[in-house]
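Here's the structure we're looking at; comments come further down.
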Amino acid sequence: MPVDSPQGRILPYRGAAPPSLTQSAGFRFAAFFTVMFLVAAVVLVSVMWWATAGALDRQLVAAIRADAVALTERWREGGQLALQDAIQERIALDISNETIYLLLSESGERLAGNMEAWPDEANSDESFLRIRIMHDGIPTDARLLRRDLPGMRMLVGRDESERLQLRLTLTEGVAWSLGASLIVALLGASIIRRIIDRRLEPTFRTALGIAGGDLTRRVPLTGQGDEFDRLGESMNTMLDRIESLMQGVKGVSDAIAHDLRTPIARARAKLEESLIAARDADDLRAAMEQGIQDLDGISRIFQALLRITEVEAGARRAAFAPFDLVETLRDVADFYDAAAEMREQRLETDLPDTLPMVGDRDLMMQATANLLDNAVKFTPPGGVLRLSARREEDGVLEVIVSDSGPGLSLQDRARAGVRFFRAEPSRATPGYGLGLSLVRAVAQLHGGVVRLEDAIPGASPPGLSVRIIVRSGN
């Protein structure tokens with residue numbers, strides 16, 4: 001809202017300060033996106049690592065075990081000499097120079113192999129070793145398997161230098177991939193935050209405009225039908241309702257001044273006149289009775305306003321209970337049937353056997369009574385009034401009150417239901433313009449709407465048909 005400056009000038013509403021980075025919902029969404037993206041990248045890289053480096057390790061271990069088993073079987077079949085020949089044969093056939101063998105006698109004599117000496121690490125209890133050895137005079141990282149045979153010790157292994165270099169290359173690739181993933185995640189998070197900020201900016205501007213007093217502002221829609229458009233539609237519906245209420249509030253003061261000033265002024269004038277010109281007690285009593293009637297009319301206006309306010313605030317929802325709508329409508333029809341006969345009118349009803357619903361029975365009765373009261377007042381003698389009700393397939397109930405009166409123009413229908421609005425500029429017909437306002441409030445309380453249309457389209461006069469459309473259960 002506008003605020004007063006120290007100099008007395010009205011300053012526009014600026015709104016709250018923008019949230020900090022950590023308070024921003026867009027930042028939190030972006031951070032969540034970043035974390036999820038990085039988690040996915042880590043999982044992907046881990047799977048790739050397991051499928052490459054891990055597979056190479058498993059293949060190497062399997063090859064060493066198979067080689068050791070084959071040499072052991074060769075020793076069992078041909079003894080020590082056959083084992084020595086098999087080792088030398090494997091060394092001779094190893095073009096890539098990756099195989100590592102060493103066969104020692106029990107006394108430590110070298111019998112076969114391409115290792116220079118038995119490593120101290122091979123004296124441990126572990127069968128599989130990963131150590132650095134001298135292989136053909138070159139320091140080499142090797143994976144070895146120890147086998148103890150009767151009177152001999154044997155080491156079978158493979159040179160891991162190339163595999164370790166490949167693993168290092170994979171590690172560097174993984175590090176670069178994670179770094180690139182982090183950059184992409186941060187870039188994506190920044191884009192997401194900007195998109196969210198850009199989509200919400202019209203909503204912020206609209207809210208600030210409304211807070212500044214411009215009730216005509218609305219959230220622009222993109223037509224994509226996404227969550228932001230749904231939020232905008234909800235806000236626009238709320239703003240339409242607020243604008244309608246504010247217009248009603250602005251008109252209430254003028255209407256109250258017009259509708260209450262006359263009875264108050266009349267009551268005061270009659271009482272003052274009676275004090276001056278009353279000839280006897282009967283004249284004074286008549287003046288007092290007229291003043292009481294005028295004050296009762298004023299009291300009824302305030303009671304109607306309070307009732308409408310109570311219904312619009314939803315305070316009567318606690319009184320909702322199951323009841324038969326048809327029985328309620330028949331009670332109202334019986335009462336207004338006599339009123340219609342007094343004005344030479346005919347009231348017709350078209351009601352089903354039963355229409356169960358959950359709601360406020362008294363309010364539904366009051367709303368129907370207000371419509372029939374208006375129909376009786378505006379229908380000429382000899383006219384026909386009609387009260388009907390039905391249930392639609394989707395569980396919606398309709399109460400329809402129609403007449404053969406003059407009807408309402410499209411311009412008046414748009415304003416009908418506004419408090420104190422009356423289609424008659426002269427306001428000659430009794431009433432205060434609050435009846436249809438209560439009907440609309442009752443319909444909204446029951447999750448429904450009120451629709452006005454011609455009772456007999458194309459006829460002159462067309463009459464008026466008012467439909468109360470509510471849900472059968474809340």
Side-chain angles (χ1 to χ4, degrees), residues 240 244 247-248 251-252 254-255 258-259 301 304 308 311 325 328-330 332-351 363-390 392 396-444 446 448-470:
D240 290 339
S244 175
Q247 290 176 352
V252 163
D254 295 337
H258 187 282
D259 285 283
I301 292 177
I308 293 172
V311 173
L325 181 60
T328 302
L329 298 180
R330 284 175 180 161
V332 178
D334 291 341
F335 180 83
Y336 279 93
D337 189 30
E341 288 182 0
M342 292 178 59
R343 297 175 61 91
E344 299 180 0
Q345 300 166 349
R346 185 174 76 257
L347 175 60
E348 299 178 351
T349 59
D350 181 13
L351 303 174
L363 289 180
M364 290 298 298
M365 177 180 289
Q366 181 67 57
T368 308
N370 287 359
L371 295 180
L372 285 175
D373 186 73
N374 287 339
V376 169
K377 286 191 295 186
F378 292 101
T379 300
V384 178
L385 289 71
R386 185 178 180 83
L387 172 63
S388 61
R390 64 189 180 189
E392 299 293 338
V396 173
L397 301 182
E398 284 191 8
V399 178
I400 308 165
V401 176
S402 57
D403 59 56
S404 55
L408 284 175
S409 65
L410 293 178
Q411 182 179 2
D412 288 341
R413 289 181 201 173
R415 298 184 60 192
V418 177
R419 298 177 190 180
F420 296 105
F421 170 76
R422 299 172 67 181
E424 286 184 314
S426 64
R427 297 176 178 252
T429 304
Y432 304 104
L434 297 175
L436 196 53
S437 297
L438 178 62
V439 173
R440 287 188 180 276
V442 171
Q444 291 174 358
H446 290 79
V449 295
V450 175
R451 294 178 181 170
L452 285 72
E453 53 193 23
D454 291 337
I456 310 173
S460 181
L464 181 66
S465 177
V466 184
R467 298 172 180 265
I468 304 177
I469 304 173
V470 298

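None of these values were measured; they are calculated from a predicted model.
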From [atom1] ([X]) to [atom2] ([Y]), nearest 0.5 Å:
X: Phe335; Y: Leu372; atom1: CZ; atom2: CG; result: 10.5 Å
X: Ile400; Y: Glu453; atom1: CD1; atom2: CD; result: 8.0 Å
X: Leu408; Y: Ser465; atom1: CG; atom2: OG; result: 11.5 Å
X: Arg467; Y: Ser402; atom1: CZ; atom2: OG; result: 9.0 Å
X: Thr368; Y: Leu325; atom1: OG1; atom2: CG; result: 6.5 Å
X: Thr328; Y: Leu351; atom1: OG1; atom2: CG; result: 11.0 Å

Return the minimal non-hydrogen interatomic distance between [X] and [Y], and the atom names on each side.
X: Ala375; Y: Leu385; value: CB-CD2, 3.6 Å
X: Gly383; Y: Ser404; value: CA-OG, 3.3 Å
X: Ala333; Y: Leu347; value: O-CD2, 3.5 Å
X: Leu329; Y: Leu387; value: O-CD2, 3.7 Å

>> For a side-chain contact (heavy atoms from CB on, under 4.5 Å) check, start with the C-alpha distance between Val376 and Gln345, then their side-chain angles and the critical distance, and finish with the verdict.
In response: CA-CA 8 Å; Val376 169; Gln345 300 166 349; 3.8 Å; yes
Any [X] side-chain heavy atom under 4.5 Å of [Y] side chain:
X: Asp403; Y: Phe378; value: no
X: Met364; Y: Val442; value: yes
X: Leu371; Y: Ile468; value: yes

>> Run Leu436 and Leu452 through side-chain contact (heavy atoms from CB on, under 4.5 Å) and show every step you take.
In response: CA-CA 11 Å; Leu436 196 53; Leu452 285 72; 4.0 Å; yes
>> Check this for me: Arg451, atom CZ, are more than 12 non-hydrogen atoms of other residues, nucleotides or ligands nearer than 6.0 Å?
In response: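 Atom CZ in Arg451 is not crowded, with 12 or fewer foreign heavy atoms closer than 6.0 Å.
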> Any donor-acceptor pair under 3.5 Å linking the side chain of Glu398 with the backbone of Glu392?
Replying inline: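 Answer holds: no.
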> According to the salt bridge (Lys or Arg N to Asp or Glu O under 4.0 Å) rule, which pairs have a member within residues 332-347, sequence neighbours left out?
Replying inline: Arg346-Glu348
> Among Val449, Leu397, Val450, whose side-chain contact (heavy atoms from CB on, under 4.5 Å) with Ile469 holds?
Replying inline: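 When Val449, Leu397, Val450 are each tested with Ile469, the side-chain contact (heavy atoms from CB on, under 4.5 Å) holds only for Val449.
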